[in-house]
Amino acid sequence: MKYDVEKSEDEWKAQLGEEKYRILRQKGTEYPHTGEYNLLFENGTYCCGACGEPLFESDTKFDGHCGWPSFDKSIPGKIEYLKDTSHGMLRTEILCAKCGGHLGHVFNDGPTETRIRYCVNSLSLDFHKK
């Protein structure tokens, strides 16, 4: 896949550091209930932790009781969706459409009227308070 922001793996490692690199570039997952943004409910925008692209607005965030930040809607055109069959499961992986950074997964079990739950690693995000 071709992205607007492309860097070598060495450049990503230098920019992101070990743990963010593991999540964003190697499709890792942080432990539940450990992320900085899991229970943050301030007004602002959640952006890609790798390239800074705005991905989610704070008014779409809710407590999914799953241990990771949950959103019921993304900013249109900012998320790429890929079929993920890893770990013996069928899921939909979500990536930043600008740089291809791994964000987490999206599920159709959300409690809001959209019935969508974007389950996102805190380490794949940066928060910009309004």
Side-chain angles (χ1 to χ4, degrees):
M1 197 57 111
K2 202 88 162 116
Y3 295 100
D4 289 346
V5 175
E6 291 197 2
K7 298 181 182 190
S8 71
E9 291 308 304
D10 286 339
E11 289 173 314
W12 281 123
K13 284 178 190 176
Q15 175 190 326
L16 298 172
E18 186 177 322
E19 197 58 9
K20 284 184 92 168
Y21 178 81
R22 183 182 72 80
I23 302 292
L24 282 155
R25 306 312 302 175
Q26 296 182 314
K27 302 179 185 283
T29 302
E30 63 195 6
Y31 289 106
H33 306 287
T34 62
E36 173 181 10
Y37 302 127
N38 182 36
L39 297 176
L40 178 72
F41 292 100
E42 294 185 31
N43 190 22
T45 303
Y46 292 86
C47 301
C48 176
C51 72
E53 184 74 358
L55 303 171
F56 303 97
E57 296 295 346
S58 59
D59 63 352
T60 67
K61 189 169 187 298
F62 63 93
D63 185 356
H65 303 287
C66 62
W68 293 275
S70 298
F71 303 87
D72 68 358
K73 186 177 3 175
S74 66
I75 297 173
K78 304 297 184 173
I79 303 291
E80 180 181 5
Y81 303 86
L82 294 178
K83 182 179 177 180
D84 178 2
T85 58
S86 64
H87 307 292
M89 297 180 271
L90 177 59
R91 302 179 289 175
T92 301
E93 179 186 4
I94 52 174
L95 301 110
C96 172
K98 188 170 183 178
C99 73
H102 172 76
L103 305 170
H105 293 85
V106 63
F107 303 96
N108 293 319
D109 63 0
T112 70
E113 61 189 42
T114 69
R115 305 294 300 153
I116 302 294
R117 177 174 57 95
Y118 289 87
C119 185
V120 184
N121 290 290
S122 285
L123 285 171
S124 67
L125 299 170
D126 285 325
F127 180 71
H128 300 275
K129 189 175 181 176
K130 287 187 181 166

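Index from 1, following the sequence. Only heavy atoms go into these numbers, but all of them, side chains included; no hydrogens, no water, no symmetry mates.
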- Message: Pair I116, K73 - check side-chain contact (heavy atoms from CB on, under 4.5 Å), show working.
- Response: CA-CA 7 Å; I116 302 294; K73 186 177 3 175; over 6 Å; no

Distance (rounded to the nearest 0.5 Å) between [X] [atom1] and [Y] [atom2]:
X	Y	atom1	atom2	result
C47	K78	SG	NZ	9.5 Å
E30	S124	CD	OG	7.0 Å
T92	K83	OG1	NZ	9.5 Å
R117	C66	CZ	SG	4.5 Å
S58	K129	OG	NZ	11.0 Å

Give a yes or no on whether [X] and [Y] share a hydrophobic cluster (residues Ile, Leu, Val, Met, Phe, Trp, Tyr; joining criterion: side-chain heavy atoms under 4.5 Å apart).
X	Y	value
L39	L125	no
Y21	Y3	no
Y118	W68	no
V120	L16	no

- Would L40 and Y46 satisfy side-chain contact (heavy atoms from CB on, under 4.5 Å), going step by step from the backbone distance to the final call? CA-CA 11 Å; L40 178 72; Y46 292 86; 3.7 Å; yes

Atom [atom1] of residue position [X] - does it have more than 12 heavy atoms of other residues, nucleotides or ligands inside 6.0 Å?
X	atom1	result
E18	CD	no
F41	CZ	yes
H87	NE2	no
E113	CD	no

Taking all atoms of both residues into account, what is the closest heavy-atom pair of [X] and [Y], and its distance?
X	Y	value
E6	K2	OE2-CA, 3.3 Å
D72	F62	N-CE2, 3.6 Å
I79	F56	CD1-CZ, 4.0 Å
G49	K20	O-NZ, 3.4 Å
R22	T29	NH2-O, 3.1 Å

Side-chain donor-acceptor pairs of residues 95-108 under 3.5 Å, sequence neighbours excluded:
{"from": "K98", "atom 1": "NZ", "to": "E53", "atom 2": "OE1", "distance (Å)": "3.4"}
{"from": "H102", "atom 1": "ND1", "to": "E93", "atom 2": "OE2", "distance (Å)": "2.7"}
{"from": "H105", "atom 1": "NE2", "to": "D84", "atom 2": "OD2", "distance (Å)": "2.7"}

- Message: For T45 and F127: C-alpha separation, side-chain torsions, deciding distance, then whether side-chain contact (heavy atoms from CB on, under 4.5 Å) applies.
- Response: CA-CA 6 Å; T45 303; F127 180 71; over 6 Å; no

- Query: Under 4.5 Å between any side-chain heavy atoms of L55 and S74, yes or no?
  - Reply: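 L55 does not reach S74 side chain to side chain.
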
- Query: Under 4.5 Å between any side-chain heavy atoms of T114 and F71, yes or no?
  - Reply: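 No, side chains not in contact.
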
- Message: Starting from L123 and following side-chain heavy-atom contacts under 4.5 Å between hydrophobic residues (I, L, V, M, F, W, Y), which residues can be reached?
- Response: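 Grouped by the 4.5 Å side-chain rule, I23 form the rest of the cluster around L123.
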
- Message: Can a donor-acceptor pair be found, under 3.5 Å and without considering hydrogens, that links the side chain of K7 to the backbone of Q15?
- Response: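 Answer holds: no.
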
- Message: I'd like to know if the side chain of R115 and the backbone of G110 have a donor-acceptor N/O pair within less than 3.5 Å.
- Response: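 Yes; at least one donor-acceptor contact below 3.5 Å.
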
- When you look at T85 and L90, which way does the side-chain contact (heavy atoms from CB on, under 4.5 Å) test go after all the steps? CA-CA 5 Å; T85 58; L90 177 59; 4.0 Å; yes

- Message: Checking K130 against E57 for the salt bridge (Lys or Arg N to Asp or Glu O under 4.0 Å) test, could you report, in this order, the C-alpha distance in whole Å, the side-chain angles of both residues, the deciding distance, and whether it holds?
- Response: CA-CA 10 Å; K130 287 187 181 166; E57 296 295 346; 3.2 Å; yes

